[in-house]
> 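Would you mind keeping the following structure in view while I ask a few things?
Along the sequence shown, residues carry numbers from 1.
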Amino acid sequence: MSSLCSAPRLICRWVFVLFSALPLTGCGDLLTVTNGESTQTYLLEATFSGSPAVRETGAVIVIASPTAQAGFDTTGISYVKKPYRLDYYSKNQWVDSPQRMLSPLLVSALEATGRFRAVLPSPP
(Lines give C-alpha, C1' and ligand atoms only; values in the text may rest on other atoms or scores of the structure.)
Protein backbone atom coordinates (compact mmCIF):
# COMPACT_ATOMS: atom_id res chain seq x y z
CA MET A 1 0.00 0.00 0.00
CA SER A 2 2.72 2.48 0.89
CA SER A 3 4.15 2.28 -2.62
CA LEU A 4 0.84 3.50 -4.05
CA CYS A 5 0.90 6.87 -2.31
CA SER A 6 3.12 8.99 -0.12
CA ALA A 7 0.64 9.35 2.76
CA PRO A 8 0.97 7.17 5.86
CA ARG A 9 -0.20 3.58 5.45
CA LEU A 10 -3.33 4.04 7.62
CA ILE A 11 -4.62 6.95 5.54
CA CYS A 12 -3.91 5.04 2.30
CA ARG A 13 -5.84 2.05 3.58
CA TRP A 14 -8.74 4.24 4.72
CA VAL A 15 -8.92 6.10 1.39
CA PHE A 16 -8.83 2.77 -0.50
CA VAL A 17 -11.75 1.43 1.59
CA LEU A 18 -13.70 4.66 1.13
CA PHE A 19 -13.39 4.68 -2.64
CA SER A 20 -13.98 0.97 -3.06
CA ALA A 21 -17.32 1.52 -1.32
CA LEU A 22 -18.09 4.79 -3.15
CA PRO A 23 -21.74 4.52 -4.21
CA LEU A 24 -21.84 5.97 -7.68
CA THR A 25 -25.55 6.39 -8.29
CA GLY A 26 -25.07 6.07 -11.98
CA CYS A 27 -24.73 8.27 -14.93
CA GLY A 28 -27.23 10.99 -15.54
CA ASP A 29 -27.92 11.33 -19.21
CA LEU A 30 -28.72 14.23 -21.49
CA LEU A 31 -29.98 14.01 -25.04
CA THR A 32 -28.35 16.14 -27.73
CA VAL A 33 -29.58 16.24 -31.31
CA THR A 34 -26.97 17.01 -33.98
CA ASN A 35 -27.60 16.82 -37.72
CA GLY A 36 -30.82 14.91 -37.19
CA GLU A 37 -29.08 12.20 -35.12
CA SER A 38 -29.50 12.02 -31.37
CA THR A 39 -26.48 11.68 -29.12
CA GLN A 40 -26.76 10.54 -25.51
CA THR A 41 -24.48 12.51 -23.20
CA TYR A 42 -23.67 11.09 -19.76
CA LEU A 43 -22.58 12.70 -16.49
CA LEU A 44 -20.99 10.94 -13.50
CA GLU A 45 -23.04 11.54 -10.36
CA ALA A 46 -22.88 10.26 -6.80
CA THR A 47 -24.80 10.68 -3.57
CA PHE A 48 -23.24 10.26 -0.19
CA SER A 49 -25.61 9.06 2.50
CA GLY A 50 -25.27 8.53 6.21
CA SER A 51 -24.11 10.84 8.92
CA PRO A 52 -20.54 12.09 8.78
CA ALA A 53 -18.08 10.55 11.21
CA VAL A 54 -16.83 12.55 14.15
CA ARG A 55 -13.88 14.68 13.07
CA GLU A 56 -10.83 12.87 14.39
CA THR A 57 -8.14 15.33 13.31
CA GLY A 58 -7.67 18.82 12.09
CA ALA A 59 -5.97 17.45 9.01
CA VAL A 60 -6.26 19.13 5.65
CA ILE A 61 -6.05 16.92 2.58
CA VAL A 62 -5.38 18.03 -1.00
CA ILE A 63 -6.74 15.70 -3.66
CA ALA A 64 -4.50 15.36 -6.70
CA SER A 65 -6.28 15.64 -10.02
CA PRO A 66 -6.93 12.20 -11.50
CA THR A 67 -5.07 11.47 -14.72
CA ALA A 68 -6.05 9.26 -17.62
CA GLN A 69 -3.98 7.01 -19.79
CA ALA A 70 -3.62 7.84 -23.46
CA GLY A 71 -6.87 7.37 -25.34
CA PHE A 72 -9.06 7.86 -22.27
CA ASP A 73 -8.65 11.65 -21.87
CA THR A 74 -11.66 12.35 -24.05
CA THR A 75 -15.41 12.76 -23.88
CA GLY A 76 -15.79 9.66 -26.04
CA ILE A 77 -17.00 6.54 -24.25
CA SER A 78 -14.57 3.80 -25.16
CA TYR A 79 -14.67 0.04 -25.12
CA VAL A 80 -12.10 -2.65 -25.83
CA LYS A 81 -12.68 -5.70 -28.03
CA LYS A 82 -8.99 -6.34 -28.67
CA PRO A 83 -6.29 -5.59 -26.07
CA TYR A 84 -4.39 -3.22 -28.36
CA ARG A 85 -7.31 -1.20 -29.73
CA LEU A 86 -9.80 1.31 -28.28
CA ASP A 87 -13.15 1.78 -29.98
CA TYR A 88 -15.65 4.54 -29.18
CA TYR A 89 -19.42 4.52 -29.18
CA SER A 90 -20.71 6.73 -31.99
CA LYS A 91 -23.91 8.01 -30.35
CA ASN A 92 -22.81 8.17 -26.70
CA GLN A 93 -20.36 10.48 -24.98
CA TRP A 94 -19.41 11.95 -21.61
CA VAL A 95 -20.28 15.57 -20.74
CA ASP A 96 -16.60 16.02 -19.85
CA SER A 97 -13.64 13.67 -19.62
CA PRO A 98 -14.14 11.11 -16.82
CA GLN A 99 -11.10 12.21 -14.80
CA ARG A 100 -12.39 15.80 -14.68
CA MET A 101 -15.82 14.58 -13.53
CA LEU A 102 -14.25 12.26 -10.94
CA SER A 103 -12.23 14.95 -9.14
CA PRO A 104 -15.19 16.80 -7.54
CA LEU A 105 -16.72 13.44 -6.57
CA LEU A 106 -13.54 12.49 -4.72
CA VAL A 107 -13.55 15.82 -2.87
CA SER A 108 -17.26 15.45 -1.97
CA ALA A 109 -16.78 11.87 -0.76
CA LEU A 110 -13.97 12.86 1.58
CA GLU A 111 -15.82 15.94 2.81
CA ALA A 112 -18.87 13.78 3.59
CA THR A 113 -16.83 11.64 5.98
CA GLY A 114 -16.27 14.58 8.33
CA ARG A 115 -12.79 13.26 9.13
CA PHE A 116 -10.88 16.22 7.72
CA ARG A 117 -10.89 19.88 8.62
CA ALA A 118 -10.68 20.72 4.91
CA VAL A 119 -10.64 18.78 1.66
CA LEU A 120 -9.21 20.72 -1.26
CA PRO A 121 -8.85 19.93 -4.94
CA SER A 122 -5.37 20.46 -6.33
CA PRO A 123 -4.88 23.73 -8.19
CA PRO A 124 -5.30 23.47 -11.99
Side-chain angles (χ1 to χ4, degrees):
M1 265 294 183
S2 62
S3 65
L4 295 177
C5 62
S6 61
R9 178 174 277 168
L10 181 62
I11 291 176
C12 288
R13 187 175 299 141
W14 182 83
V15 169
F16 175 76
V17 169
L18 172 72
F19 294 122
S20 64
L22 180 68
L24 289 177
T25 58
C27 303
D29 65 350
L30 307 167
L31 181 63
T32 307
V33 177
T34 309
N35 297 331
E37 290 190 27
S38 61
T39 301
Q40 289 289 110
T41 307
Y42 296 90
L43 173 67
L44 285 178
E45 298 175 312
T47 57
F48 308 101
S49 58
S51 59
V54 176
R55 184 173 295 143
E56 293 181 5
T57 66
V60 174
I61 187 169
V62 177
I63 305 299
S65 298
T67 57
Q69 292 183 356
F72 294 100
D73 185 16
T74 177
T75 58
I77 299 176
S78 59
Y79 61 94
V80 177
K81 282 187 175 179
K82 297 179 182 178
Y84 54 85
R85 185 173 121 188
L86 282 177
D87 291 307
Y88 297 90
Y89 291 99
S90 62
K91 296 182 181 179
N92 296 287
Q93 65 182 19
W94 295 112
V95 169
D96 199 354
S97 62
Q99 74 270 15
R100 281 188 225 123
M101 291 188 292
L102 188 57
S103 186
L105 294 179
L106 295 172
V107 171
S108 296
L110 286 171
E111 284 176 338
T113 67
R115 293 189 181 262
F116 299 98
R117 182 169 48 102
V119 180
L120 307 169
S122 65

> Where do Pro66 and Leu106 come nearest, in terms of heavy atoms and distance?
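Heavy-atom minimum between the residues: CG-CD1, 4.0 Å.
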> Is there a side-chain contact between Gln99 and Asp73 in this structure, where contact means two heavy atoms from C-beta onward sitting under 4.5 Å apart?
yes
> Between Thr75 and Ser97, which heavy-atom pair has the shortest distance, and what is it?
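Nearest heavy atoms, Thr75 then Ser97: CG2-N, 4.0 Å.
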> If I take atom CD1 from residue Ile63 and atom CG from residue Leu110, how far apart are they, to the nearest 0.5 angstrom?
4.5 Å
> Enter the distance from Leu120:CG to Ile61:CD1 here, rounded to the nearest 0.5 Å.
9.5 Å
> Using side-chain contact (heavy atoms from CB on, under 4.5 Å) as the criterion, list what pairs up with Asp96, not counting sequence neighbours.
Arg100, Met101
> Under 3.5 Å, side-chain donor or acceptor atoms of residues 76-89 against the rest of the protein: list the pairs with distances, not counting sequence neighbours.
| residue | atom | partner | partner atom | Å |
| --- | --- | --- | --- | --- |
| Arg85 | NE | Asp87 | OD1 | 3.1 |
| Arg85 | NE | Asp87 | OD2 | 3.4 |
| Arg85 | NH2 | Asp87 | OD1 | 3.2 |
| Arg85 | NH2 | Asp87 | OD2 | 3.3 |
| Tyr88 | OH | Gly71 | O | 2.5 |

> Please enumerate all residues that pass side-chain hydrogen bond (donor to acceptor under 3.5 Å, both in side chains) together with Ser65, with sequence neighbours excluded.
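Result, side-chain hydrogen bond (donor to acceptor under 3.5 Å, both in side chains) vs Ser65: Ser122.
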